[in-house]
Every structure is written in C-alpha cells, then in structure tokens.
Engineer: 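Before I ask anything, let me first share the structure, which is written out below as structure tokens.
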Amino acid sequence: MSGPYQKSASITRRSLLSGAAAGAASLALASCTTTSGIPPADKPKDDAGPGSAFGNYATMYAPVADGGFDVPAVPIDKMDRRYLRRLVPDPTGERPGTVVVDTSAHFLYLVRENGQALRYGVGLGRAGFEWSGRAVIQWKRKWPKWTPPDEMIARKPELEKYSVRNGGMEPGLMNPLGARALYIFQDGVDTLYRVHGSPEWWTIGKSVSSGCVRMLNQDVMDLYDRVPNRTPILVTSGVSAAVS
C-alpha cells in the first residue's frame, strides 16, 4: 500500500504489509467504472429498474474513461446483487457523513440524512480484519501510486523497482490500489488501513488473502466524490444484522 508507513498504536505493521504484498501479486489487468446514481430503497437481490430516478445498475457499472484509463464494465449478472450500491435504512446510528465499515457483513456505509445510508459491498483481506476503531479519512487520491515499503521489498526483491527511491508503481489498471484510495489516520498517525479500488469484482462480499478494504472501482470512485478529507470513519463488526 502507499502513503506513510508509520506504526499505529492499534495495528501491527508486519501483518498489514504481508497482506499488501500478496495483493500486489494477485491483481489482474482489469478495472471498473463510476457513475453518480443510487438505486432506490433496499430489496435484496432486486435490480433498480430502468425507470428509477437514479438509473439502473447497467448504467452505474458501465464502462467509462477516467483519468486517461479505460475502465471496463463489471459483469453485474455474475454478482450477488446484495453487494451492489444501493440506498438502505441506516443500521449504524452514526451521524450523517460518517463512513462505517462492517467487517462481519462485508458492507461499507455512508450515512445520510433521514435515517438512510448508501451501502456498498466490499471485499476484505487479512489487513481488513486487523484494525478496528474510529479514525478519519485523512486524505484521498485519484489513481494513486503504490510504494511498497522496505520490509516488503526485503521479502520480494523484485518490488525494488516500485520503491520510494524509484518513484513507486505508476497509477493504472494493474496498480494494487485501483482507481482511488482513501488513507485512514488515527490521532494523526497512519494506520496503514486503506479503502481502495479493485478490478477483482469476484472478491466483493468475500474474505480474500490480501489487502485492506477493497471496493469495485466504480464504487470507490463514487464514494471518493461524496466524502471530503477528514471524514470520520468507524471500522467495526455486526452493525448490519438487521439489513440483508
């Protein structure tokens, strides 16, 4: 993962970096897309019809050109519809504007007004389960560079070409952080915890071997446009028991 590699009081550096190393090796050449539409109120496995005021999933997850990259569509017919972006009753009780990651249900919520939340499906790696608590999205990047730290490079010397000394891995469809990255800090210290994009749509809603919190690239692009720097974030488990 990119960004500062300081040690947080509530997370171990070694465990996160081992997850990031595996993630870098596993990513393929695909990526995703972004739209600003929101499906109507939650109905499990139900598509937002073409007459919806927010558009339909085919539109939301269609191909798009972004930042000089051609991002392909997500094959939504192959996905569990629970993990596609939708508006739901807020199960978190947090104030509007807060991001909540529910690691037990593989959902990320952006709390909205009037008792509602925008819900996205996420995939979680080892690093995604190794930190929890309250923090802030300190900063965010479009098509971020990825710079493996020296500890990772010592284990995988072939990653030296992506080191800070060599300028990191350039943004693109193969970059482990995808189209967007949100960098999580607690008490001014980098937690090494990231919410980031991924082309691996088949990992959404699942626990995989590597990474932090991965979203469909079009979903992380949508979230990026909705949250400013210093947005509060809560990483926890079990908030979604009443929402399927």
Engineer: Between Arg112 and Asp90, does any NZ, NE, NH1 or NH2 come within less than 4.0 Å of an OD or OE carboxylate oxygen?
Structural biologist: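 So Asp90 does not pair with Arg112 through a salt bridge.
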Engineer: Is there a side-chain contact between Thr231 and Thr98 in this structure, where contact means two heavy atoms from C-beta onward sitting under 4.5 Å apart?
Structural biologist: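 A side-chain contact is absent here, since even the closest heavy-atom pair is not under 4.5 Å.
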Engineer: List in chain and number order the residues that pass salt bridge (Lys or Arg N to Asp or Glu O under 4.0 Å) with Arg134, two or more places apart in sequence or in another chain; answer none if no residue qualifies.
Structural biologist: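 Here the qualifying residues are Glu94.
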Engineer: If you count every heavy atom of other residues, nucleotides or ligands that lies below 6.0 Å from Glu113 atom CD, does the total exceed 12?
Structural biologist: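 No, the 6.0 Å shell around CD holds no more than 12 heavy atoms from other groups.
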Engineer: Tell me, do Gln116 and Val88 make a side-chain contact under 4.5 Å, heavy atoms counted?
Structural biologist: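 Sidechains of Val88 and Gln116: no contact.
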Engineer: Supply the atom-to-atom distance His106 NE2 to Arg82 CZ, rounded to the nearest 0.5 angstrom.
Structural biologist: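 Reported value, rounded in 0.5 Å steps: 11.0 Å.
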Engineer: Would you indicate whether the side-chain heavy atoms of Trp131 and Gln186 approach each other to under 4.5 Å?
Structural biologist: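 Side-chain contact under 4.5 Å: yes.
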Engineer: If we ignore hydrogens and angles and just use 3.5 Å, is the side chain of Asp102 paired with the main-chain N or O of Gly238 as donor and acceptor?
Structural biologist: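 Yes; at least one donor-acceptor contact below 3.5 Å.
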Engineer: For Glu160 and Asn166, test the side chains for any donor-to-acceptor distance below 3.5 angstrom and give the result as yes or no.
Structural biologist: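 Yes, side-chain donor-acceptor contact under 3.5 Å.
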Engineer: Is it true that a side-chain atom of Lys140 and a backbone atom of Tyr183 form a donor plus acceptor pair closer than 3.5 Å?
Structural biologist: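 No, because the side chain of Lys140 does not come within donor-acceptor range (under 3.5 Å) of the backbone of Tyr183.
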Engineer: Sorted by first residue and then second, give each ring pair (Phe, Tyr, Trp, His ring centres under 6.0 Å) pair with at least one member in residues 69-91; sequence neighbours left out.
Structural biologist: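 As it turns out, the ring pair (Phe, Tyr, Trp, His ring centres under 6.0 Å) pairs with a partner in residues 69-91, which skip direct neighbours, are Phe69-Trp143, Tyr83-Phe107.
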Engineer: Among all residues two or more places apart in sequence or in another chain, which pass the side chain to side chain donor-acceptor pair (under 3.5 Å) test with Asp77?
Structural biologist: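 Asp77: side chain to side chain donor-acceptor pair (under 3.5 Å) contacts with Arg81.
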Engineer: Looking at side-chain heavy atoms only, is the closest gap between Leu223 and Met215 below 4.5 Å?
Structural biologist: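 Contact flag for Leu223/Met215 side chains = yes.
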Engineer: Suppose we screen for side chain to side chain donor-acceptor pair (under 3.5 Å). Which residues come up paired with Thr203, at least two apart in sequence or across chains?
Structural biologist: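 If we apply the side chain to side chain donor-acceptor pair (under 3.5 Å) test to Thr203, skipping adjacent residues, the hits are Arg214.
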Engineer: Distance from Gln138 atom CD to Ile233 atom CD1, nearest 0.5 Å?
Structural biologist: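 The distance works out to 12.5 Å.
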Engineer: Any side-chain heavy atom of Ile184 within less than 4.5 Å of one from Asp190?
Structural biologist: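 Ile184 does not reach Asp190 side chain to side chain.
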Engineer: With the threshold set at 4.0 Å, does a side-chain nitrogen-carboxylate oxygen contact exist between Arg180 and Asp222?
Structural biologist: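 A salt bridge is absent here (no side-chain N lies under 4.0 Å from a carboxylate O).
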Engineer: Would you mind reporting whether Val100 and Val235 have side-chain heavy atoms less than 4.5 Å apart?
Structural biologist: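 No. Closest side-chain heavy atoms not under 4.5 Å.
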Engineer: What distance separates Ile153 CD1 from Ser163 OG, expressed to the nearest 0.5 Å?
Structural biologist: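 With rounding to 0.5 Å, CD1 (Ile153) is 4.5 Å from OG (Ser163).
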Engineer: Do the side chain of Asn217 and the main chain of Ala179 share a donor and acceptor less than 3.5 angstrom apart?
Structural biologist: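 Yes, Asn217 side chain to Ala179 backbone: donor-acceptor pair under 3.5 Å.
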Engineer: With sequence neighbours excluded, tell me which residues meet side chain to side chain donor-acceptor pair (under 3.5 Å) with Glu170.
Structural biologist: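 Glu170 satisfies side chain to side chain donor-acceptor pair (under 3.5 Å) with Lys145 once adjacent residues are dropped.
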Engineer: Do Ser237 side-chain atoms and Ser104 backbone N/O form a donor-acceptor pair below 3.5 Å?
Structural biologist: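 Not confirmed, Ser237 side chain does not pair with Ser104 backbone.
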Engineer: Starting from the C-alpha separation in whole Å, work towards a yes-or-no answer on side chain to side chain contact (heavy atoms under 4.5 Å, CB included) for Thr103 and Glu130.
Structural biologist: CA-CA 10 Å; Thr103 58; Glu130 289 172 349; over 6 Å; no
Engineer: Heavy-atom distance under 4.5 Å between the side chains of Leu234 and Val101, does that happen here?
Structural biologist: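 Of all side-chain heavy-atom pairs linking Val101 with Leu234, none is under 4.5 Å.
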Engineer: My understanding is that only residues two or more places apart in sequence, or in another chain, count here; which of them pass ring-ring contact (aromatic ring centres under 6.0 Å, His included) with Tyr162?
Structural biologist: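 None.
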Engineer: Using only atom types and a distance under 3.5 Å, with no angle test, would you say the side chain of Asp219 pairs donor to acceptor with the backbone of Tyr120?
Structural biologist: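 No, because the side chain of Asp219 does not come within donor-acceptor range (under 3.5 Å) of the backbone of Tyr120.
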Engineer: How about Tyr57 and Arg86: do any of their side-chain heavy atoms sit closer than 4.5 Å?
Structural biologist: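 When only atoms from C-beta onward are counted, Arg86 and Tyr57 do touch, with a gap below 4.5 Å.
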Engineer: Using a 3.5 Å distance criterion without hydrogens, assess whether the side chain of Asn175 forms a donor-acceptor pair with backbone atoms of Pro144.
Structural biologist: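 Yes, Asn175 side chain to Pro144 backbone: donor-acceptor pair under 3.5 Å.
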